[in-house]
*Asks:* 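This is the structure I have questions about; it appears just below.
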Amino acid sequence: MSKFSAGLFAVVTVLASIASAQASFSQYERGAEAIHSMAGCYLIDYSYTETESLKDGYVRDQRVYDVNKDKSIKELIYMEHISPYRMRLQHILFGTDLHGNLMEGSELRHQAEDWEYNAPFVYDFTKPLNWMVKENQPNMWTRRITNLDDGLRYQCAGAWEMSTAYPEWTCSNYAPIPGRETRDMGRKDYNTLERTTRIVAYGNSWLERQMNTKVIDTDGARTPLAKELGKNWYVRLPDSECDVVQGFVDGRKQFWSLMREVWDQVLDGKGAFIEKELAGQPKRYAKMMELEAEYASKMNEPGTKAAVKTKMIELIKAYRQ
C-alpha cells in the first residue's frame, strides 16, 4: 500500500469512528446534556432592535432594548426533573445596582423552559388567546416557555444538532407579543410574533438568538409589521452571586410545584385552550401572584395544599373560554 493510500485509509477510519460515536450519542443524550449545562447563575444580557419595516407607512423603531443599561440583570436558573424525559429550567430574575447591591423587590419568578423529549403533543399558538393541540413528530425536544403563572406562552419542537462542536437547537413558531415590548417599550401597535429561535449551549455560557417578525393579528389575518433581531446572552457567574435570591425561592417552591402540577392536569392534550380577558380585572398571572402572596408561607399547614389547588383551578377556569 502506498503512503498516500495508507494516509487516506487512516483518515477514512477516523471519520468512520467519529460517525459511529455520533450515532451512538442519541438525540436524547445530546439534548439532555445541553439542557443540564444551561442551569446555573447568570448575568443575562437582552438586546433587541428592529431591522426593517414591512408595512407601508410604518417607520422602523430605532430604539434598542438594552436591559443592562443602568443596572445588572441576573438569573438563577435551576433544574427540576419532572420525569426521565422531561426537565424544567426555572428562571428566577433579579436586579443589582451598579455597585452590585440587590435591588429590593426586583426578585421575580420569571419564565420556565419546560423541555420534554418525545412529547406526544404541543399547544400551538394560532392567534391571540388561542392555542390548538398539535401532534408532535417523534425524536424531538419540545421547549415550552411558560407565562409568569405557568400558563401557556409558546411551544416549539425541534431536534438538537448532532454534528456541531456545541449543541444547537433551532425552531420557528408563532407566539404572543413579548412582555418586554408591552411592559418596557410601551408597544400597542402589534400583538403577535413569528419567532425563530436558535440556542447554542457553550457549557460555560449559552446564547439564544432570535430572528423575529412583528405581526398584527386581526381575527387570524396576519399583517407583518417589522423584522427584529435579538439575542439573550447568559454569561455564567459564580453561584454565590445568586445566593441573595435563595430565600425567595425556598419560601415559594412548594406553591410553584403545586401550580405546575395543576397546569399539567389542565393541559392534558384533549382539546384547545382558549383564554378570555375579564373586563376590569387584572391579568390571570397577577391574580395567581395574589394567591402566592397569601398562601406560599402556609403550604405545610393542614388542608392548605388542597384548598390552594382548588383556588388555582377555579382561577384558570375563570380566564378560559
Side-chain angles (χ1 to χ4, degrees), residues 27-46 48 67 73-94 107-119 121-125 131 136 140-161 166-176 178-180 193 195-210 212 230-237 242 245 249 252-253 256-257 259-261 263-264 267 285:
Q27 176 63 216
Y28 169 76
E29 292 169 321
R30 179 74 159 176
E33 182 180 83
I35 295 162
H36 273 88
S37 76
M38 292 155 65
C41 181
Y42 293 93
L43 172 74
I44 54 173
D45 188 23
Y46 298 161
Y48 288 84
V67 74
I73 297 298
K74 302 174 183 180
E75 282 191 345
L76 168 64
I77 304 177
Y78 65 85
M79 171 70 70
E80 293 181 291
H81 289 274
I82 311 302
S83 75
Y85 293 99
R86 183 179 167 200
M87 52 200 70
R88 182 180 177 92
L89 295 173
Q90 179 61 62
H91 295 231
I92 307 297
L93 181 147
F94 63 101
E107 305 96 322
L108 175 69
R109 180 184 180 275
H110 199 200
Q111 69 186 33
E113 296 182 59
D114 204 317
W115 290 87
E116 185 173 5
Y117 180 67
N118 269 341
F121 59 84
V122 296
Y123 278 87
D124 189 39
F125 180 77
W131 286 264
N136 248 348
M140 294 283 188
W141 278 96
T142 296
R143 181 183 186 236
R144 184 176 81 193
I145 300 297
T146 66
N147 204 340
L148 295 180
D149 66 354
D150 260 359
L152 291 170
R153 186 143 184 88
Y154 59 91
Q155 302 183 44
C156 199
W160 285 87
E161 176 60 51
Y166 301 105
E168 296 186 15
W169 181 91
T170 302
C171 202
S172 298
N173 65 285
Y174 198 44
R180 58 180 163 79
L193 200 69
R195 290 177 174 267
T196 295
T197 300
R198 174 176 170 244
I199 292 174
V200 185
Y202 292 102
N204 216 31
S205 63
W206 58 283
L207 174 65
E208 178 178 340
R209 291 190 178 275
Q210 293 187 23
N212 303 325
K231 61 183 178 181
N232 302 349
W233 256 117
Y234 294 82
V235 181
R236 193 177 295 274
L237 298 171
C242 287
V245 294
V249 173
R252 293 162 174 79
K253 250 187 174 181
W256 296 342
S257 293
M259 187 165 61
R260 193 262 306 159
E261 292 169 11
W263 276 110
D264 282 351
L267 301 175
Y285 74 80

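Hydrogens, waters and symmetry mates play no part in the numbers below; they use all other heavy atoms, side chains included. The first residue in the sequence is number 1, and the count goes up from there.
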*Asks:* Considering non-hydrogen atoms only, spot the tightest contact between Val249 and Leu76 and give its length.
*Replies:*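 Nearest heavy atoms, Val249 then Leu76: CG2-CD2, 4.2 Å.
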*Asks:* Can you tell whether the side chains of Arg252 and Glu107 come within less than 4.0 Å, N to carboxylate O?
*Replies:*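 Salt bridge between Arg252 and Glu107, a charged N being under 4.0 Å from a carboxylate O: no.
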*Asks:* Does Thr146 offer a backbone N or O that forms a donor-acceptor pair with the side chain of Glu113 under 3.5 Å?
*Replies:*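 Here the side-chain-to-backbone pair does not exist.
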*Asks:* State, to 0.1 Å, how close Pro178 and Arg195 come at their nearest heavy-atom pair, and which atoms those are.
*Replies:*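 Result for this residue pair: CG-NH2, 3.7 Å.
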*Asks:* Taking only residues two or more places apart in sequence or in another chain, which ones pass ring pair (Phe, Tyr, Trp, His ring centres under 6.0 Å) with Tyr28?
*Replies:*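 Testing Tyr28 for ring pair (Phe, Tyr, Trp, His ring centres under 6.0 Å), a comparison that skips the adjacent residues, returns Tyr85, Tyr117, Trp141.
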*Asks:* Under a 3.5 Å distance rule, please check whether Gln27 uses its side chain to pair with a backbone N or O of Trp160 as donor and acceptor.
*Replies:*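 Pair found, side chain donor or acceptor close to backbone of Trp160.
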*Asks:* Among Arg86, Arg153, Gln111, exactly one meets side-chain contact (heavy atoms from CB on, under 4.5 Å) together with Arg144. Which residue is that?
*Replies:*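 Exactly one option meets the side-chain contact (heavy atoms from CB on, under 4.5 Å) with Arg144, and it is Arg86.
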*Asks:* A cation-pi test, strictly: NZ or CZ of Arg180 under 6.0 Å from the centre of the six-membered ring of Tyr48 and no more than 45 degrees from its axis. Yes or no?
*Replies:*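 That pair qualifies as a cation-pi contact.
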*Asks:* Can you name the one residue among Asp150, Leu148, Leu93, Val245 that meets side-chain contact (heavy atoms from CB on, under 4.5 Å) with Arg109?
*Replies:*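 Going through Asp150, Leu148, Leu93, Val245 one by one, the side-chain contact (heavy atoms from CB on, under 4.5 Å) with Arg109 is satisfied by Asp150 alone.
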*Asks:* Is the ring pair Tyr234/His91 parallel, tilted or perpendicular, if the boundaries are 30 and 60 degrees?
*Replies:*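 Perpendicular: the ring planes of Tyr234 and His91 meet at over 60°.
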*Asks:* Checking Leu89 against Trp115 for the side chain to side chain contact (heavy atoms under 4.5 Å, CB included) test, could you report, in this order, the C-alpha distance in whole Å, the side-chain angles of both residues, the deciding distance, and whether it holds?
*Replies:* CA-CA 8 Å; Leu89 295 173; Trp115 290 87; 4.0 Å; yes
*Asks:* If only atom types and distance count, is the side chain of Trp263 paired as donor or acceptor with the main-chain N or O of Asp149 below 3.5 Å?
*Replies:*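 Yes: the side chain of Trp263 pairs with the backbone of Asp149.
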*Asks:* Looking only at atom types and distance, does a side-chain atom of Arg236 sit under 3.5 Å from a main-chain N or O of Gly203, one as donor and one as acceptor?
*Replies:*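 Answer holds: yes.
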